[in-house]
Each structure stands twice: as structure tokens, then as C-alpha cells.
Protein chains: 2
Amino acid sequence: MKGKDQGTEQKILEAARKVFVRKGFDGARMQEIADEAGINKALLHYYFRSKERLFQMIFEQAFAQFVPALGRILSRDVSLEEKVSAFIDQYIDLLMENPYLPSFILAEISRDPERLSELFLSTGLNPMERLATMEGQLKGTLSERADIRHFIINILAMCIFPIAARPLLQRMLFENDHQAFNLFLSERKEAVKTFTLAGMRALTIPAPEDKA
Amino acid sequence: MKGKDQGTEQKILEAARKVFVRKGFDGARMQEIADEAGINKALLHYYFRSKERLFQMIFEQAFAQFVPALGRILSRDVSLEEKVSAFIDQYIDLLMENPYLPSFILAEISRDPERLSELFLSTGLNPMERLATMEGQLKGTLSERADIRHFIINILAMCIFPIAARPLLQRMLFENDHQAFNLFLSERKEAVKTFTLAGMRALTIPAPEDKA
DNA sequence: GTCTATATGGCGATAGAC
DNA sequence: GTCTATCGCCATATAGAC
């Protein structure tokens with residue numbers, strides 16, 4: 001079903017994804033993408049008119065993978081602690097399978113934030129709606145001080161940062177032992193959950209009288 | 001004392017830093033650096049032989065700013081909670097003044113991890129030593145589950161990530177209001193401290209009998 | 001040390017045969 | 001749809017006058 005007989009267009013997209021995510025827009029070469037796809041450079045321009053347009057496809061796809069995975073997990077109908085727990089497990093797994101994704105997204109949005117405008121307009125994506133679900137659960141649960149946005153960013157940060165900074169952390173803290181770092185990341189799911197839930201509970205205000 | 005009469009070399013380094021940190025190695029143009037420094041392109045090659053060598057200077061300097069600030073704060077002789085507190089305050093301030101630093105470092109180390117090897121060799125930098133200080137204070141304070149490395153990475157993550165992902169977060173959570181996000185980052189110092197210390201205390205194992 | 005002018009190569013993109 | 005050949009540009013780097 002897969003393998004050699006995927007259309008040329010698909011082969012190009014896969015190759016482009018590999019190269020762009022690894023090297024960034026400026027570092028990527030059309031020739032390298034062509035080689036990776038096993039086709040000729042001119043075909044790239046036949047299917048996608050320019051490097052810029054090909055990149056846009058890849059970026060949108062990568063972005064969709066990086067961001068709204070969040071929403072899907074958060075809108076499931078379970079308790080808040082379960083949501084947090086599930087999100088951490090799944091998101092760290094996702095990122096371990098796509099180790100270059102975080103630094104790619106972060107670099108590209110820093111260097112050309114305008115891409116985001118186009119993306120938000122074209123997809124009509126509105127993350128605030130998704131957060132509303134969660135917000136409902138949080139109100140009256142966390143104290144005033146624990147702004148929901150801080151809480152969300154804390155979790156995202158603890159999941160994403162170790163992958164984005166992997167080359168540095170692996171070298172500084174693990175004597176560049178690749179396997180040891182993988183083990184560490186697996187442990188990390190539990191560590192982040194424990195840490196987060198502890199912080200959460202400490203900041204919890206027992207719902208005032210609850211029902212009264 | 002400063003202003004126009006800093007040597008040409010220094011002017012170049014400043015200009016190069018601005019451009020490289022903003023655009024990355026691949027995106028930077030020698031012409032742009034020359035313009036920024038108010039000199040001619042050929043002079044760049046006179047002072048630094050190649051783009052690669054000029055970049056190395058900038059990268060080392062940026063890296064030194066990004067990383068070992070950690071060590072300086074951590075080795076001060078105060079309680080652990082004070083260290084954590086001081087670190088968060090100062091590090092978030094540092095990053096707010098250098099907003100492009102995180103995504104620059106993260107992108108460059110991902111795309112060419114070999115740079116790190118050279119850096120570690122040339123500076124003889126050994127971050128593990130610095131951590132030893134902290135480790136002493138942590139042993140017997142946090143439970144087994146709270147591996148020190150997880151703890152450190154959590155704090156780094158919560159400080160660095162919101163700056164690195166700023167364009168995204170500002171748009172998604174703050175309707176792209178620059179000022180509102182700055183305010184949020186200031187609040188964030190307290191939020192991260194509260195969250196971290198709460199998590200820390202929750203994981204604290206009361207030193208067994210303390211003195212006995 | 002600083003400039004202008006130029007060499008040299010590589011890149012994105014297109015023309016045109018099959 | 002896919003290829004080969006090539007155009008036109010721009011980037012790094014160097015030569016050489018002042």
C-alpha cells in the first residue's frame with residue numbers, strides 16, 4: 001500500500017519535510033530535496049512553483065502537528081489531572097519521534113513571524129476556543145495567582161524544551177550518551193507529571209464551600 | 001567612552017552579533033553585517049577570514065551569555081530556595097533583554113551539534129562541576145524520584161521557552177499584544193517561583209531526623 | 001586599514017526536448 | 001510528467017589601488 005508507488009507529489013513532500021525541518025528554510029537546498037526524493041530538481045518547480053511555496057506546505061503541516069495536538073487531548077471529557085497526565089505522555093512521545101520539530105518551528109517563527117499571521121488567517125485556527133474548555137475546569141480550582149496561561153506554558157515548556165535543547169543538555173548532563181538521554185526522556189514523563197500535579201495541588205484553592 | 005570611537009573590530013562584532021542572532025548563520029548576509037557596522041564588506045574578511053570564523057566568535061559569545069550565567073548564580077552561598085528564586089528573576093530579565101538569543105542558540109546547536117564539541121574543548125567548560133555544588137544541597141532534600149536533572153531542566157524550560165516561543169504564544173494567548181506579553185513575562189517571575197517552590201516542597205523528604 | 005572592482009561558485013528558476 | 005541544459009542573480013571571497 002505504501003513504499004514505492006506513492007505519487008511523486010507525496011514523495012516530494014516527504015523529502016522536503018525531512019530537509020526543511022532539519023536545515024530550516026535558509027539552510028535547505030532544492031537540490032538536496034530533489035536527491036532525497038529521487039527525482040530531478042526541475043520537477044520540484046513543476047509541482048510547487050517555488051521554494052517558498054513548497055516550504056509553506058511543509059511549515060503548515062509541521063505546525064499542525066506541533067500545536068493543535070494540544071487541543072485534541074485537552075477537549076476529552078475527563079478530569080483535569082487526567083488531561084494533564086495524558087497530554088504529557090502523548091506530547092513527549094510525539095516529540096521524541098520528531099526531534100527536530102521544536103527547534104524548527106521555534107526558529108522559523110522567530111525569524112519570520114509573519115508566517116504565523118498567514119497561517120492563522122488561512123486555517124481560521126482559534127486556539128482560544130480550545131482553551132475555554134480547560135478554563136472552565138480551572139476556574140475556582142487554581143488560585144488567582146496561578147494564571148491559566150502560566151500553567152499551560154509551564155507544561156508546554158517542560159515537554160518541549162528538553163527536546164529542543166537536546167544536543168546541549170545531552171552533552172552537559174549526560175556526557176553525550178544518546179541512549180542515556182532517551183532513558184531520561186522516558187522517565188521524564190513521570191517526573192513532569194509528578195512535579196506538575198504537585199505544583200497544581202499546592203496552588204489549589206478548595207472550592208469555597210463547594211455546593212453551598 | 002563609547003559610541004563612535006570603538007575600534008573597527010568591535011563595531012564589526014556588534015553588528016555581526018545583531019545580524020547572526022537575528023537571522024542565523026544561513027540567513028545572515030555579509031553585506032548586511034557590513035552595512036550595520038557602517039563599513040565595507042571587504043573589511044570583514046580583513047579582520048575575520050571568513051563568514052564561518054566570524055560566526056564562531058559570535059556563537060561562542062552568545063553561548064557564554066546563555067549558559068554559564070547559570071553557574072554564577074548557583075554557586076552563591078545561600079539557601080536553595082533563594083538560589084532558585086534569584087536565578088529565575090535574573091535569567092528571565094537576561095532573556096527579555098536578548099529575546100532572540102534562545103531560538104538562535106537552539107536552532108544552531110540543532111543544525112550543527114559539532115559546534116558544541118569544539119566549544120566544550122576550547123573553553124574547557126565543565127558544567128558538571130558547577131552542578132556539584134547544587135547537588136550537595138539537594139541530596140536528601142528531594143526524593144529519589146525528583147532527579148536533580150529533571151529539576152534543573154524544569155526551571156530552565158520555564159524560563160527559556162516562553163521567550164523562544166514568544167511570537168507564537170503572544171499571538172495565541174494574547175491576541176498579539178506586545179505590551180500585554182511583556183507584562184505577562186514580569187508576572188511570570190513570581191508565577192514560576194511559586195510553582196517551582198510548591199513542586200519542590202511537595203517532593204521534599206523531611207531530612208530523616210535532621211540532626212540525630 | 002579601508003576602499004572599488006572583480007573573480008568564482010552556487011542557487012533558484014526556466015526553456016525546451018522527449 | 002520527467003528529464004537535460006542553461007540563464008541570471010547573488011553570495012562569499014580575493015586582488016589591488018589608495
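A note on names: the letters A, B, ... follow the listed sequences, proteins ahead of strands, and every chain is numbered from 1. Since the structure is predicted, the reported quantities are computational estimates derived from the model, not experimental observations.
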**Q** Between dT14(D), dG1(C), dA13(D), which nucleotide has the shortest distance from any of its atoms to the side chain of Lys51(B)?
**A**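 The closest nucleotide is dA13(D).
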
**Q** Keeping Lys51(A) on the side-chain end and Ala28(A) on the backbone end, is there a donor-acceptor pair under 3.5 Å?
**A** yes

**Q** Please state whether the rings of Phe184(A) and His150(B) are parallel, tilted or perpendicular, taking 30° and 60° as the class boundaries.
**A**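 Taking His150(B) first and then Phe184(A), their aromatic rings lie parallel (interplane angle under 30°).
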
**Q** Please check if the distance between the ring centroids of Phe55(B) and Phe20(B) is under 6.0 Å.
**A** yes

**Q** From CD of Glu52(A) over to P of dG12(C), roughly how many Å is that when rounded to an integer?
**A**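 To the nearest whole Å, that distance equals 12 Å.
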
**Q** For DNA chain C, which residues of residues 26-40 of chain A approach it to below 4.0 angstrom with any heavy atom?
**A**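 Contacts with DNA chain C under 4.0 Å: Ala28(A), Arg29(A), Met30(A).
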
**Q** For Leu43(B) and Phe25(A), take the nucleotide of DNA chain C holding the closest heavy atom to each; which residue's nucleotide lies nearer the 5' end?
**A**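 On the 5' side of the pair lies Leu43(B).
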
**Q** Rounded to whole Å, how long is the line connecting atom OH of Tyr46(A) with atom C1' of dA17(C)?
**A**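 To the nearest whole Å, that distance equals 15 Å.
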
**Q** Any idea which of dA15(D), dC3(D), dA13(C) is nearest the Ser50(A) side chain?
**A**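 Looking only at heavy atoms from C-beta outward on Ser50(A), the closest nucleotide is dA13(C).
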
**Q** Examine distances only and state if a side-chain atom of Arg188(B) and a backbone atom of Met158(B) form a donor-acceptor pair shorter than 3.5 Å.
**A**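 Looks like yes, one N/O pair under 3.5 Å.
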
**Q** Can you tell me how far C1' of dA15(D) sits from NZ of Lys41(B), to the nearest Å?
**A** 14 Å

**Q** Is the distance between the ring centroids of Tyr91(A) and Phe87(A) under 6.0 Å?
**A** yes

**Q** Go through dT4(C), dT2(C), dT4(D) for me and flag the one nearest to the Thr8(B) side chain.
**A**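 Nearest nucleotide to the side chain: dT2(C).
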
**Q** Between dC3(D) atom P and Leu44(A) atom CG, what is the distance in whole Å?
**A** 10 Å

**Q** With the side chain of Tyr47(B) defined as its heavy atoms from C-beta on, choose the nearest nucleotide among dT14(D), dG1(D), dG1(C).
**A**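 So the nucleotide nearest the side chain must be dG1(C).
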
**Q** What integer distance in Å separates His45(A):NE2 from dT4(D):P?
**A**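 Atom-to-atom, His45(A) to dT4(D), this comes out as 16 Å.
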
**Q** Tell me if the centroids of the rings in Phe195(A) and Phe195(B) come within less than 6.0 Å of each other.
**A** yes

**Q** Report the distance from atom CD of Gln10(A) to atom P of dG1(D), rounded to the nearest whole Å.
**A**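 The distance from CD of Gln10(A) to P of dG1(D) comes to 14 Å, rounded to the nearest Å.
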
**Q** Let me know the distance between CZ of Phe48(B) and C1' of dA13(D), rounded to the nearest Å.
**A**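 Rounded to the whole Å, the gap is 16 Å.
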
**Q** Mark yes or no for whether Glu108(A), through its side chain, and Phe25(A), through its backbone, hold a donor-acceptor pair below 3.5 Å.
**A**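 Checked: pair present.
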
**Q** Please give, in whole Å, the distance from dG12(C) C1' to Arg49(A) CZ?
**A** 13 Å

